[in-house]
**Q** 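Sending over a structure as structure tokens; questions will come in a sec.
Fair warning: this is a prediction, and the values are worked out from it, not measured in the lab.
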Number of protein chains: 2
Amino acid sequence: MKATIYDVAREAGVSIAAVSQVMNGKGKISEERRGEIIKIMERLNYQPSVIASALTGKKTYTLGLLVPDISNPFFAEIARAVEDQGHHMGYSLVICSSDNKDERVERYLNLLQQKSVDAMIIGTGMDNKDMLTPLMERAIPIAMIAREMPDIDVHTVVVDDFVGGALSATHLLDLGHRRMAILAEHSKVSSSRERVRGFKSKLEEAGAQLPENSVRNCHYVVADGKREALELLDQSNPDRPTALFCCNDLLAIGALQAAKQLGLRVPEDLSVIGFDNTILASVTDPPLTTVAQPIEPMGKMVVDLLIQELKKESKAKQRVVMRPELIVRQSTAAPTECD
Amino acid sequence: MKATIYDVAREAGVSIAAVSQVMNGKGKISEERRGEIIKIMERLNYQPSVIASALTGKKTYTLGLLVPDISNPFFAEIARAVEDQGHHMGYSLVICSSDNKDERVERYLNLLQQKSVDAMIIGTGMDNKDMLTPLMERAIPIAMIAREMPDIDVHTVVVDDFVGGALSATHLLDLGHRRMAILAEHSKVSSSRERVRGFKSKLEEAGAQLPENSVRNCHYVVADGKREALELLDQSNPDRPTALFCCNDLLAIGALQAAKQLGLRVPEDLSVIGFDNTILASVTDPPLTTVAQPIEPMGKMVVDLLIQELKKESKAKQRVVMRPELIVRQSTAAPTECD
DNA sequence: TTGAAAGCGTTACCAG
DNA sequence: CTGGTAACGCTTTCAA
């Protein structure tokens, strides 16, 4: 069996208290004893039980990460950034994919609580904001990443989605597009809503108008994006858009596939713009113009915020907004007029 | 504060043992009391502490997943499959990215032990097989996924990598290629070694020969693949290969990028074949011919194997080998002769 | 049926 | 400095 603190104490001929102290560097122990004890710990290959120490009120050194889908490259990249910084600070990560379903969110939230994670990072949307109140009552630090929950006092790390949408609109307008449409995520996703808002606002500024029914809400998967794009690009529609703003790279890929299926060339016949700048954007055909989020800094930041709160070094919840950046690749170009 | 079993007991006017029993459905309790207690638990929003119950010898209901890099789409997809099945069985997942570095593997292995995960899923290679022995001594169930560790008695779920390599070779040979090269992963990765073996064996069967120095070991990132491909495709080389077999999709993407940079058309001037059939393969330019692994069944299988062992329902370690499938897309074609 | 009590492995307080 | 010892929240005998 695994060696316990008792084994070490017995072997060293001291009390468990002494052993505990050398582990935590607390209390006073003679250098001599300390050295001996350490030697014994090594010999026995003693590994203190996180479980036991957590029970006495200490931390579990575990963070929960709730995202819609870890197999979505954007969230996988977020997870990696969070994992790295967490690991760096001595924390490990349990990941949960919610599929944007409230019931799954709730289950996972409960589970993570029962497992006493030290803090929670939430990158998934949810309709019912009350789901977080139990956590807040229990004073479990919470941070949102790439997503917001207004009216709730938690840390938040986001990119300026409004600006990201605006950036895209400006790019498309500059290129000469006037008839555009949007592939948005599920309406419960705050970031997507903001992107749409930013995009529209620039359009209005420029006097351009979105045709009726041209903002499509999709679940965040490729198939949905494709289906909606297919409808939007329906040849029989005289007002067919010349450009599509997609609220994430996956949707953009769906749009690309739809275009290919319809025999539309990108970017000649249709411009497509994505969001997130995941690895996908760099490998598509053609490579995707997209709005980049600074994923790594964002991941690092949430962890820092949370750990700071855990150490009680911080008082107020912070909201940090990072700058998006338009990455122009080859899926956007001036529209070729042919009406 | 959080309600404990004591709160419930006091409120219900019973002993904590009674409460414990209704939670675990053990022992005998009158229906009457049972109902009351349940009511109280709900009223108090009581959530038993996994930590505490784990300390008394029960499980933590947590699985560790060790992969090279969670932001690599292949492993992200694996993680999702594992998470789903785990969640289904009541387990959560802590993920660890090793970057294929033994020191990181070791750190994580220790960490997961200290946190008392119930079992470990390993999808990362390691040089030093002894790292697993402490786990085995402590009887922590281990399963390898998409990777093997010979000489070690653990569950293993892999695709038949040898066959996958052979499939690729056959495809390329049928197309008429004779001069080929390979972009392999780090030599410590068993799956990659097998793929190379399978590929070579078919080549030899056909009397084709790999030129000197044409199996390149790369770390598993795109940049490496590109750099090596650049060398392999060096124009000044009269024996420049007409086809590249890449041991994963990421490497294939690197090859695609190298080809583009050199002005080589794919598949006309160069055929490229990947492995894994991640989402990446379907979106590249051109879409990638690749060998598919049944990721979801594999993820489900490891979890089942492990849980089965945890329940002591199983005796021997199993090794399950699944069938790879060649997915032909547009990155492979007959070579155009021009020597 | 029910409850008292002994752990599980640590931490932390408090006397020596 | 050092060692007892009471928690921590739950499970599990063992009596009653």
**Q** Does A:Lys188 come within less than 4.0 Å of A:Asp102, counting only side-chain N to carboxylate O?
**A** yes
**Q** Not counting sequence neighbours, list each pair that qualifies as a salt bridge (charged side-chain N to carboxylate O under 4.0 Å, His left out) and has a residue in residues 4-25 of chain A.
**A** A:Asp7-A:Arg10, A:Glu11-A:Arg43
**Q** Figure out the CG/P separation between B:Leu55 and D:dG9, and round it to whole Å.
**A** 12 Å
**Q** For B:Val50, enumerate each residue passing the side-chain contact (heavy atoms from CB on, under 4.5 Å) test, keeping only those at least two apart in sequence or located in another chain.
**A** A:Gln114, A:Lys115
**Q** Is the closest side-chain heavy-atom distance between A:Gln47 and A:Lys2 below 4.5 Å?
**A** yes
**Q** Find the bend of the helix from C:dT1-D:dA16 to C:dG16-D:dC1 as the angle between its two terminal axes (five pairs each), to the nearest 10°.
**A** 50°
**Q** At under 4.0 Å, does any side-chain N or O of B:Ser30 touch on OP1 or OP2 of C:dT2?
**A** yes
**Q** Without decimals, in angstroms, what is the distance between A:Asp7 CG and C:dG9 P?
**A** 8 Å
**Q** Tell me whether the side-chain N/O atoms of B:Arg33 come closer than 4.0 Å to OP1 or OP2 in C:dT1.
**A** no
**Q** Without decimals, in angstroms, what is the distance between B:Lys59 NZ and D:dC10 C1'?
**A** 16 Å
**Q** Report the residue (B:Val14 or A:Ile51) whose heavy-atom-nearest nucleotide on DNA chain C is the more 5′ of the two.
**A** B:Val14
**Q** For the pair A:Val94 and A:Leu112, evaluate side-chain contact (heavy atoms from CB on, under 4.5 Å) and give the outcome as yes or no after the intermediate values.
**A** CA-CA 9 Å; A:Val94 7; A:Leu112 292 174; 3.7 Å; yes
**Q** Contact between B:Ile121 and B:Met144 at the side-chain level, heavy atoms closer than 4.5 Å - yes or no?
**A** no
**Q** List for me each residue that meets side-chain hydrogen bond (donor to acceptor under 3.5 Å, both in side chains) alongside B:Lys101, sequence neighbours excluded, and say none if there are none.
**A** none
**Q** Donor-acceptor pairs are to be reported for all side-chain atoms of residues 29-36 of chain A against protein atoms at under 3.5 Å, with residues two or more places apart or in another chain.
**A**
unit_1, atom_1, unit_2, atom_2, d
A:Ser30, OG, A:Arg33, N, 3.3

**Q** Heavy atoms under 4.0 Å is the rule here; annotate nucleotides 11-16 of chain C 5' to 3' with B where the base is hit, S where only the sugar-phosphate is, and - elsewhere.
**A** BB----
**Q** Without decimals, in angstroms, what is the distance between B:Gln47 CD and D:dC10 C1'?
**A** 15 Å
**Q** Rounding to an integer number of Å, can you tell me how far B:Glu31 CD sits from C:dT1 P?
**A** 9 Å
**Q** Return the 5'-most residue of the pair B:Ser15, A:Thr4 with respect to DNA chain C, ranking by each residue's nearest nucleotide.
**A** B:Ser15
**Q** Would you say A:Leu310 and A:Tyr91 make side-chain contact, with heavy atoms under 4.5 Å?
**A** yes
